[in-house]
Amino acid sequence: MFGIRVPHPWQQETPVTPEEIFLNRRRFLTQLGSAGAGASFSIFGFGGREAAPSVERDLSGIPLNPAFSDPERPLTEEIVAARYNNFYEFGSGKRIWRGAQAVPTDPWTVEITGLVRQPQKLGLEDLFGFPLEERIYRFRCVEAWAMVVPWLGFPMRLLLEQVDPLPEAKFVRFTSFYDRDIMYGPIWPPNLPWPYTEGLRIEEMANPLAFFALGIYGKPLPKQHGAPIRMVLPWKYGFKGGKSIVKIEFLAEQPATFWNTLAPDEYGFEANVDPTVPHPRWSQAQETLIGFGSRSHWQTVPTLPYNGYGEYVAHLYG
Ligand SMILES: Nc1nc2c(c(=O)[nH]1)N[C@H]1C(S)=C(S)[C@@H](COP(=O)(O)O)O[C@H]1N2
Ligand SMILES: [Mo]
């Protein structure tokens with residue numbers, strides 16, 4: 001339906017189009033208007049180093065989980081991670097952080113439905129009410145860039161316990177927030193299968209590594225990272241980690257997902273990091289750690305099976 005040879009939005013930095021500049025500027029102005037007294041000019045304005053806060057929460061003092069405290073690689077600089085993002089709803093380039101400030105993150109509701117005994121709607125109080133911990137995880141994008149970041153959040157299995165899935169529930173679909181009025185996205189190809197969805201087998205969701213992040217670097221997630229709640233699955237390629245989740249459905253059958261629908265030969269449902277299986281258009285044997293300056297200065301390191309997390313997850317795929 002969408003053709004197999006989808007051009008790869010993520011292979012080249014697409015130049016910003018006049019439409020994007022226009023839409024970006026228009027939204028920016030709208031937001032400034034609704035922000036009222038302009039108190040947020042300095043954190044929000046052009047050239048500022050910070051983005052608009054997604055939610056007002058003090059996340060200081062959250063304990064670091066010692067099992068995930070030493071990724072054996074240096075931490076990516078906070079500002080580097082916050083300025084090099086994938087969030088295709090806002091365009092196919094990496095510099096979408098400013099556009100992403102339009103996501104209305106507070107209030108927020110995550111609806112949990114489908115094959116569960118306890119369907120529920122969780123607001124921000126519920127989400128931030130889970131016992132939170134910090135985990136430093138390696139992160140590997142299918143485009144062969146990588147980072148190491150400290151997430152704040154809670155294991156997905158805590159949510160599983162709370163909603164009590166029925167025995168028929170074999171898969172889980174996660175849906176990202178979508179609003180066409182603020183998400184101008186790539187204008188080609190048309191009819192992309194929005195909203196962004198991802199999926200897991202229920203055993204994958206129950207794995208101790210599977211994590212919902214509410215924060216990063218000691219603070220609530222900036223909107224470009226998927227505030228207020230995003231998925232983090234460190235043994236899988238980054239696209240499996242949907243941002244700004246609004247719905248979680250427990251299903252009997254494997255759900256269609258965004259990238260797998262677009263290009264099934266390039267983006268599998270399972271999508272575990274595997275250096276021995278090249279992407280049809282590039283090798284996955286190595287990865288480049290994002291950093292300051294231009295890509296030519298960044299360090300390239302070998303990619304590990306399951307992104308180095310095989311001891312936790314390899315048994316799921318035996
Ligand atoms: N809703 C949504 N979630 C998404 C994406 C996206 O385009 N839309 N991109 C994915 C991809 S390809 C990657 S690599 C990570 C990037 O997360 P980061 O920008 O916080 O580093 O988000 C993932 N989650
Ligand atoms: Mo990615």
Side-chain angles (χ1 to χ4, degrees), residues 6 8-11 14 51 54 75-103 105 108 110 137-153 173-180 182-186 192-200 211-217 219-248 257-263 266-268 271-273 279 281-282 284 287-291 303 307:
V6 174
H8 357 298
W10 54 30
Q11 270 267 277
T14 320
S54 53
L75 220 57
T76 301
E77 304 277 351
E78 178 179 357
I79 195 73
V80 167
R83 294 292 179 273
Y84 189 89
N85 301 98
N86 277 335
F87 207 156
Y88 280 82
E89 289 88 331
F90 293 100
S92 54
K94 294 288 178 276
R95 305 286 167 187
I96 52 69
W97 69 271
R98 204 171 268 141
Q101 303 314 309
V103 180
T105 45
W108 191 265
V110 182
Y137 274 165
R138 296 184 292 273
F139 181 99
R140 173 59 156 83
C141 175
V142 74
E143 302 159 17
W145 58 264
M147 59 184 184
V148 180
V149 294
W151 302 106
L152 295 161
R173 171 168 51 212
F174 302 81
T175 304
S176 293
F177 174 83
Y178 189 67
D179 178 353
R180 204 162 188 301
I182 62 163
M183 292 167 150
Y184 45 89
L192 289 167
W194 305 118
Y196 195 99
T197 53
E198 257 308 333
L200 293 174
F211 201 65
F212 283 118
L214 307 175
I216 189 170
Y217 296 99
K219 289 169 274 191
L221 285 174
K223 295 185 181 189
Q224 64 271 32
H225 279 307
I229 177 167
R230 65 92 59 78
M231 309 162 65
V232 181
L233 306 159
W235 73 100
K236 293 178 179 287
Y237 289 117
F239 70 87
K240 292 296 293 181
K243 295 182 169 182
S244 304
I245 296 297
V246 292
K247 197 195 269 191
I248 302 173
T257 60
F258 182 84
W259 287 110
N260 190 241
T261 301
L262 266 175
E266 303 198 0
Y267 311 109
N272 293 326
V273 174
H279 184 279
R281 291 181 280 112
W282 60 86
Q284 295 291 25
E287 61 204 51
T288 300
L289 299 167
I290 60 172
T303 289
N307 202 23

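One-based numbering, in listed order, for ligands and for the atoms of each. What you see below is based on every heavy atom in this structure, not just the backbone, and it leaves out hydrogens, waters and symmetry mates.
Polar contact with ligand 1: present for N85 (N/O pair, distance under 3.5 Å). Remark: ligand 1 and G241 share an N or O pair separated by less than 3.5 Å (distance only, no angle test). Between H225 and ligand 1, at least one N/O pair is under 3.5 Å apart. Close N/O approach between Y88 and ligand 1 is found [any backbone or side-chain N/O within under 3.5 Å]. The distance criterion of under 3.5 Å between nitrogen or oxygen atoms is not met by Y84 with respect to ligand 1.
A salt bridge (Lys or Arg N to Asp or Glu O under 4.0 Å) check over residues 231-240, counting only residues at least two apart or in different chains, returns the pairs E198-K240, E204-K236.
Between K243 and F177 there is no side-chain heavy-atom pair separated by less than 4.5 Å. Two residues are said to be in side-chain contact when any heavy atoms from C-beta on lie closer than 4.5 Å; Y237 and N272 fail this criterion.
Heavy atoms of F177 stay at 4.0 angstrom or farther from ligand 1. At a 4.0 Å cut-off, at least one heavy atom of R230 sits close enough to ligand 1 to count as contact. Distances shorter than 4.0 angstrom occur between a heavy atom of M147 and an atom of ligand 1. Put simply, no part of W259 is less than 4.0 Å from ligand 1, judged by heavy atoms.
The side chain to side chain donor-acceptor pair (under 3.5 Å) check on T303 picks up R140, E287, with sequence neighbours excluded.
Side chain of K223 to backbone of V103: a donor-acceptor contact under 3.5 angstrom is found.
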